[in-house]
Engineer: 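Mind having a look at this structure? Questions to follow.
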Amino acid sequence: MAEKYDHKKVEKKWQAIWEAAGMYRADEKSAKPKKYVLDMFPYPSGDGLHVGHAENYTATCIYSRYMRMKGFNVLHPIGWDAFGLPAENYAIKTNVHPDESTHKNIKTFSEQIKTLGISYDWTREIDTSSPEYYRWTQWFFLLLYKNGFAYKKKAKVNWCDSCKTVLANEQAEGGVCERCKNMVAQKDLEQWFFKITHFAEDLIKDLDTVDWPSSTVAQQRNWIGKSEGVEFGMDISETNESIRVYTTRIDTVFGMTYVVLAPEHQLVERLRAFIKNSAEVLAYIETTKKKTELERTELAKEKTGVRLDGLEAVNPFTGKPVPIFIADYVLGNYGTGAVMAVPAHDERDFLFAKKFDLPVVMVVCPHYPSPTCPVLDEAYTGDGKLVMSGEFDGLTSSDARERMAEWLEKKEIGFKKVNYRLRDWLVSRQRYWGAPIPIIYCTMCGEVPVPEDNLPVLLPKDVDFRPTGESPLALSESFHNVSCPKCGMKAKRESDTMDTFVCSSWYYLRFADPKNKTAFAGKGAMEKWLPVDMYMGGAEHTVLHLLYARFFTKVLNSFGFVSFKEPFMKLRHQGMILGADGRKMSKSLGNVENPNKYIESDGADALRLYEMFMGPLADMKPWNPNGIIGPRRFLERVWRLKQKVLNTADEKAIDSVLHKTIKKVGDDIEEFSFNTAISAMMILVNEMEKLEVISKGAYETLLLLLSPFAPHITDELWHDIGNTKSIHLASFPVFDSSKCIASEITIAIQIGGKLRGTIVVERDTPEDTIKGLVLARPDIAKWVNGKIIKKIIMVKGKLLNIVVGD
RNA sequence: GCGCGGGUGGUGAAAUGGUAGACACGCCUGCCUUAGGAGCAGGUGCCGUAAAGGCAUGGAGGUUCAAGUCCUCUCCCGCGCACCA
């Protein structure tokens, strides 16, 4: 009796052998074509590895192993996104220093990943919280600073009172803190920003050059929010002032019945003397100030606002004056902070007009030429042809937009304008566990960048990191008080740290050259390995990390550091694995699955297979605690199959299905359809089991196909049948289409499109012979008898459809 | 409201316009046994005792010899964004 499959023994053995041999190191000297396969590097949380991590890493591991077998020089690295709030929050709770807990967690993660048999090049491991790394994060800050892409300004910013820090817009979506889910308040604070808006157009345009999931591309486009419209001025009667408004619907301008300013608009203050009801207006502005962003933007069906009595703005197209309002539904920080209101063609204007009893005039009609304009019970926001619009009558909306823009330009009142919703990236944080911002404030010299050779600005370890709203670093005497690098006088260091997303915006570059002491990465190394060919991670960072990383690449490209404009050429997301109850895994629900448990009971190979077999990688899917049994049984069958291997066995017996499987598995790995690749291998094993004996060649092919998925057991069996080098150094089997064709084929027989039977014939049977055979069969003939055969449709090798009529 | 995905057995899911439910889990019936989360053989969409047959991919139409797949309308679910003019 052959030895039983002992996953613990096998997996431990091979992991040690691979590590000793340095099997998965990327080769700097190889002439083979490169393939850079990257996982979104993890934040080493105290909870350890999660089945979701395992899903992500197994998928790219399979892909990397496959690419190695296909002759590529693969770079597949791993590192740690180690800075960040959770470590600090944990520290506050337990009084364990973030540096200590983070490094303990990294150790746990590393061990867990190794037991999964993930083929990382561990020699390139990086840790964003190490001075060797954050020195370059600081260097990037200075690069941006010196080129005007990093600046400090006082602005209304998102403040999370529970995290005691400011947040970027991207981290405060919907007015809620991305980390702790608490409501975010608006505060006027002086903060550091990166000028991501400078690249807004490129960030939109270059999305066309990458192979990313369509929803991710759509989300980024949506976030950047490009809009094309016109900006024009409107004179204010009886004053020398004018209002500039921005609109994307200039074609509706003849329907303008009023104008709205954002309450914070500067004109309000300047025109105060002309406003008759200024007390009421000021009161409204005060009320607005007290509202949070969320309250202001909440699905407030109820519109509020105040008319500026005594003031009117003139519509340049009609020459007619319209009233001016302030209302908080108009945002001060977008466009010009003022809009023309066309209630017939804008829902918000419509609601406002209803409330204030303002005229609603329809000027774009979908039923042109409509004799009368209907009474509207909601705004018509679509296109149509223009009515009541003077010389523009009868034009389509899109033509009118062009013509009206030209009209404004000719009169020098307005111009075409592109606006973006994207705002600059707020990067300073009033927290401890992050890279210090390398700036010094001198009473004489002002803002002074830390000289490059003074980097890194070390994060002091002896700091009370409990957040107070004041940056913890300001409390460290030795850190905070320094002398000015310019004049040598007493000065103070910037005490804010950088958003952790800054650290992760360039880590993929560092992997190309992780030990470099003179640059963030050598130019040659980056040109060799980058851009990333395959990037994989969760779909939750579509706007944050992926946008920031693209921004960094664009900055570096514009300064000539790198030749590429996009960092991640191909991107795929793995779907979230839910708990067995179909809910999101969480400690409080007690439905969290730990991969260790399954590695222990069934082995890493079985776990890897199960996670890949669960369903399409990108789908969200529930965990089935019993589901691993199928893949485990499959591996045992592969193990037992070894007993049937005979050198003299006939290879042809299984050729057809074998080659079909080679094709299917190869194609599926390239498409990330691992579930169907596994199913194809199961079919192959089922077929092999039916045979008395299997040729060594066929069995080897099976092991090679399976090796990216189940690397341990396949290497063990590979050696058992007489190979001396690791299976992971072998080539992927070559598909031979001539061997794919079976000698017998099954043809479906349809009568009038309905399946009535099947027939098995020799591969090269002529069509007429098949027709004859089919019609001779009584079970088929009974459907045809008494009817006229109108047509016979033959799909070669697949199907015969007899179309009958009465 | 807008954008992106989806709706197929008891479950996870397969299907270049060409035999719907591959592959697996579960379940049922045998066999075997060192009684195991074993192994082997067979069965398992629904209606029909069975056979014959019929019905089935959210719903309604349509195109086609042939539709889960293409087209129109519609319902439902998930995710993301949301007063950006």
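Note on naming: letters A, B, ... go to the chains in the order of the sequence lines (proteins, then strands), and numbering restarts at 1 for each one. None of the values given here were measured: they were computed from a predicted structure.
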Engineer: What nucleic acid atoms does A/T746 come within less than 4.0 Å of, heavy atoms only: base, sugar-phosphate, or nothing?
Structural biologist: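 Base contact.
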Engineer: At under 4.0 Å, does any side-chain N or O of A/Y334 touch on OP1 or OP2 of B/rA85?
Structural biologist: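 True: A/Y334 side-chain N/O within range (under 4.0 Å) of B/rA85 OP1/OP2.
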Engineer: Can a cation-pi geometry be assigned to A/K663 and A/F735, taking NZ or CZ under 6.0 Å from the six-membered ring centre and within 45° of the ring axis?
Structural biologist: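 Yes; both conditions hold, so A/K663 lies above the ring face of A/F735.
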Engineer: Identify, between A/R756 and A/D602, the residue whose nearest nucleotide on RNA chain B lies closer to the 5' end.
Structural biologist: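 That would be A/D602.
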Engineer: Can you give me the N/O atom pairs linking the protein to nucleotides 61-63 of chain B at distances under 3.5 Å, or say none if there are none?
Structural biologist:
none

Engineer: When every nucleotide of nucleotides 30-35 of chain B is labelled 5' to 3' by its protein contacts under 4.0 Å (heavy atoms), B for base, S for sugar-phosphate only, - for none, what sequence of letters results?
Structural biologist: ------
Engineer: Partner of B/rG53 by Watson-Crick or G-U wobble geometry, both contacts under 3.5 Å, or none?
Structural biologist: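 Pairing partner: B/rC47.
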Engineer: Could you run down nucleotides 67-74 of chain B 5' to 3' and tag each one B, S or - for protein heavy-atom contact under 4.0 Å?
Structural biologist: --------
Engineer: Rounded to whole angstrom, note down the C1' distance from B/rU69 over to B/rG3.
Structural biologist: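 Between the two C1' atoms, the distance is 24 Å.
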Engineer: Measuring only the C1' atom in each nucleotide, how far is B/rA67 from B/rU16? A whole number of Å is fine.
Structural biologist: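 Comparing C1' positions in B/rA67 and B/rU16 gives a spacing of 15 Å.
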Engineer: Are A/K663 and B/rU16 close enough that a side-chain N or O sits under 4.0 Å from OP1 or OP2?
Structural biologist: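 Result: no.
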Engineer: Considering only the C1' atoms, how many Å lie between B/rG9 and B/rC25, rounded to the nearest integer?
Structural biologist: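 My reading of the C1' atoms in B/rG9 and B/rC25 gives 13 Å.
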Engineer: Starting the side chain at C-beta, find the nucleotide from B/rA85, B/rA66, B/rG54 nearest to A/N801.
Structural biologist: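 Nucleotide nearest to A/N801's side chain: B/rA66.
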Engineer: Tell me whether A/R763 is salt-bridged to A/E744, with the criterion being a basic N under 4.0 Å from an acidic carboxylate O.
Structural biologist: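 Answer for the salt bridge query: no.
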Engineer: Sort and list the pairs that fulfil salt bridge (Lys or Arg N to Asp or Glu O under 4.0 Å) and have at least one residue in residues 248-260 of chain A, not counting sequence neighbours.
Structural biologist: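 Listed by first then second residue: A/R249-A/D251, A/R249-A/D383, A/D251-A/R401.
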Engineer: Tell me the interatomic distance from A/L755, atom CG, to B/rC55, atom P, rounded to whole angstroms.
Structural biologist: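 Answer to the nearest Å: 13 Å.
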Engineer: So what does A/Q750 hit on the nucleic acid, given a heavy-atom distance under 4.0 Å: a base, only sugar-phosphate, or nothing?
Structural biologist: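 It contacts base atoms.
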Engineer: Inspect the contact between A/R583 and A/D581 and indicate whether a charged nitrogen and a carboxylate oxygen are less than 4.0 angstrom apart.
Structural biologist: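 A salt bridge links A/D581 with A/R583.
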Engineer: What integer number of Å spans the P atoms of B/rG18 and B/rC71?
Structural biologist: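 That atom pair is separated by 15 Å.
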Engineer: Which of the following nucleotides, B/rC40, B/rC65, B/rA85, is nearest to the side chain of A/R640?
Structural biologist: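 Nucleotide nearest to A/R640's side chain: B/rC40.
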Engineer: Under 3.5 Å, is there a donor-acceptor pair between the A/S737 and A/H659 side chains?
Structural biologist: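 No - no donor-acceptor pair under 3.5 Å links their side chains.
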Engineer: For nucleotides B/rU19 and B/rG45, find the distance between their C1' atoms and express it as a whole number of Å.
Structural biologist: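 Those two atoms are separated by 16 Å.
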Engineer: Out of B/rG80, B/rA14, B/rG37, which has the shortest distance to the side chain of A/P616?
Structural biologist: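 Closest of the options to the side chain of A/P616: B/rA14.
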Engineer: From B/rA82, B/rC4, B/rA85, pick the nucleotide closest to the side chain of A/W223?
Structural biologist: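 So the side chain of A/W223 is nearest to B/rA82.
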Engineer: Which whole number of Å gives the distance between the P atom of B/rG43 and that of B/rA52?
Structural biologist: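 Roughly 16 Å separates the two P atoms.
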Engineer: What is the minimum heavy-atom distance between A/Y246 and A/G229, and which atoms define it?
Structural biologist: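 So the two residues come closest at OH-N, 3.2 Å.
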Engineer: Return the pairing partner of B/rG78 with a 3.5 Å limit on both distances, Watson-Crick or G-U wobble; otherwise return none.
Structural biologist: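 Answer to the pairing question: B/rC4, which forms a Watson-Crick or G-U pair with B/rG78.
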Engineer: Would you please indicate if the ring centroids of A/Y610 and A/W623 are separated by under 6.0 Å?
Structural biologist: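 Yes - the distance between ring centres of A/Y610 and A/W623 falls below the 6.0 Å cut-off.
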Engineer: Salt bridge check, A/E689 against A/K644: does any charged N sit closer than 4.0 Å to a carboxylate O?
Structural biologist: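 The answer is no: the pair does not qualify as a salt bridge.
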Engineer: Salt bridge or not between A/D779 and A/R777? Use side-chain N to carboxylate O under 4.0 Å.
Structural biologist: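 Looking at A/R777 together with A/D779, the answer is yes, because their closest N to O distance falls below 4.0 Å.
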Engineer: Counting the atoms with a prime plus P, OP1 and OP2 as sugar-phosphate, which does A/T758 contact under 4.0 Å by heavy atoms, base, sugar-phosphate, or nothing?
Structural biologist: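 The answer is base, as A/T758 lies within the cut-off (heavy atoms under 4.0 Å) of a base atom.
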Engineer: Respond yes when some side-chain nitrogen or oxygen of A/K621 is under 4.0 Å from OP1 or OP2 of B/rG12, and no when none is.
Structural biologist: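 For A/K621, the contact criterion (side-chain N or O under 4.0 Å from OP1 or OP2 of B/rG12) is not met.
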Engineer: Classify A/K782 by what it touches in the nucleic acid, base, sugar-phosphate, or nothing, heavy-atom distance under 4.0 Å.
Structural biologist: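 The residue A/K782 makes sugar-phosphate contact but no base contact.
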Engineer: Thinking salt bridges, do A/E600 and A/K597 make one under a 4.0 Å N-O criterion?
Structural biologist: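 Judged by the 4.0 Å cut-off on N to carboxylate O distance, A/E600 and A/K597 do not form a salt bridge.
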Engineer: Taking 4.0 angstrom as the limit, do A/E347 and A/K303 come out as a salt bridge?
Structural biologist: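 Judged by the 4.0 Å cut-off on N to carboxylate O distance, A/E347 and A/K303 do not form a salt bridge.
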Engineer: If B/rC70 has a Watson-Crick or G-U wobble mate with both distances under 3.5 Å, name it; if not, just say none.
Structural biologist: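 Across any shown strand, B/rC70 pairs with B/rG62.
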Engineer: How would you label the contact of A/N222 with the nucleic acid (heavy atoms, under 4.0 Å): base, sugar-phosphate, or nothing?
Structural biologist: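 Touches sugar-phosphate only.
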Engineer: Both distances under 3.5 Å, Watson-Crick or G-U wobble: report the partner of B/rC40, or none.
Structural biologist: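 When the pairing criteria are applied, B/rG30 turns out to be the nucleotide that pairs with B/rC40.
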Engineer: Report, one line per pair, each donor and acceptor closer than 3.5 Å where one atom sits in a side chain of residues 671-685 of chain A; sequence neighbours left out.
Structural biologist:
residue: A/T676; atom: OG1; partner: A/D668; partner atom: OD2; Å: 2.8
residue: A/T676; atom: OG1; partner: A/S673; partner atom: O; Å: 3.1

Engineer: Which value, in whole Å, describes the distance between the P atoms of nucleotides B/rG10 and B/rC2?
Structural biologist: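 Pairwise P distance, B/rG10 against B/rC2, rounds to 35 Å.
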Engineer: Using a 4.0 Å heavy-atom cut-off to protein, can you give one letter per nucleotide of nucleotides 21-26 of chain B, 5' to 3': B if the base is in contact, S if only the sugar-phosphate is, - if neither?
Structural biologist: -BBSSS
Engineer: When you check the gap from the basic side-chain N to the acidic O, do A/D328 and A/K289 get nearer than 4.0 Å?
Structural biologist: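 Salt bridge absent between A/D328 and A/K289.
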Engineer: Looking only at the side chains, is there a donor atom on one of A/S227 and A/Y334 sitting less than 3.5 Å from an acceptor on the other?
Structural biologist: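 There is such a pair between these side chains.
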Engineer: For B/rG26, is chi within 90° of 0 (syn) or not (anti)?
Structural biologist: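 Classified anti.
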Engineer: Between A/Y329 and A/D349, does any side-chain donor sit less than 3.5 Å from a side-chain acceptor?
Structural biologist: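 Looking only at side-chain atoms, A/D349 and A/Y329 do form a donor-acceptor pair, the distance falling under 3.5 Å.
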Engineer: What's A/V339 touching, base or sugar-phosphate or nothing? Going by heavy atoms closer than 4.0 Å.
Structural biologist: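 The residue A/V339 makes base contact.
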Engineer: Look through every strand shown and name the nucleotide pairing with B/rG12 as Watson-Crick or G-U wobble, where both distances are under 3.5 Å.
Structural biologist: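 The answer is B/rC23, by the H-bond criterion.
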Engineer: If you only use heavy atoms from C-beta on, which nucleotide in B/rA85, B/rA82, B/rU16 is closest to the side chain of A/K798?
Structural biologist: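 Selected nucleotide (nearest to the side chain): B/rU16.
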Engineer: Can you tell me, in whole Å, how much space there is between the C1' of B/rU11 and that of B/rC27?
Structural biologist: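 About 11 Å, rounded to a whole number of Å.
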Engineer: Does A/K787 make a cation-pi contact with A/W783 (under 6.0 Å, within 45 degrees of the axis)?
Structural biologist: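 No.
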Engineer: Base, sugar-phosphate, or nothing for A/W783, non-hydrogen atoms under 4.0 angstrom?
Structural biologist: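 Sugar-phosphate: the residue A/W783, judged by heavy atoms under 4.0 Å, touches backbone atoms but no base.
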Engineer: Is a donor-acceptor contact shorter than 3.5 angstrom present between the side chain of A/K790 and the base of B/rC65?
Structural biologist: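 Check fails, no donor-acceptor contact within cut-off.
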Engineer: Here's a test of your reading of the structure: between A/K226 and A/E636, which maps to the more 5' nucleotide of RNA chain B?
Structural biologist: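 This one resolves to A/E636.
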Engineer: Which label fits A/F325 and A/F352: parallel for a plane angle under 30°, tilted from 30 to 60°, or perpendicular past 60°?
Structural biologist: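 Perpendicular: the ring planes of A/F325 and A/F352 meet at over 60°.
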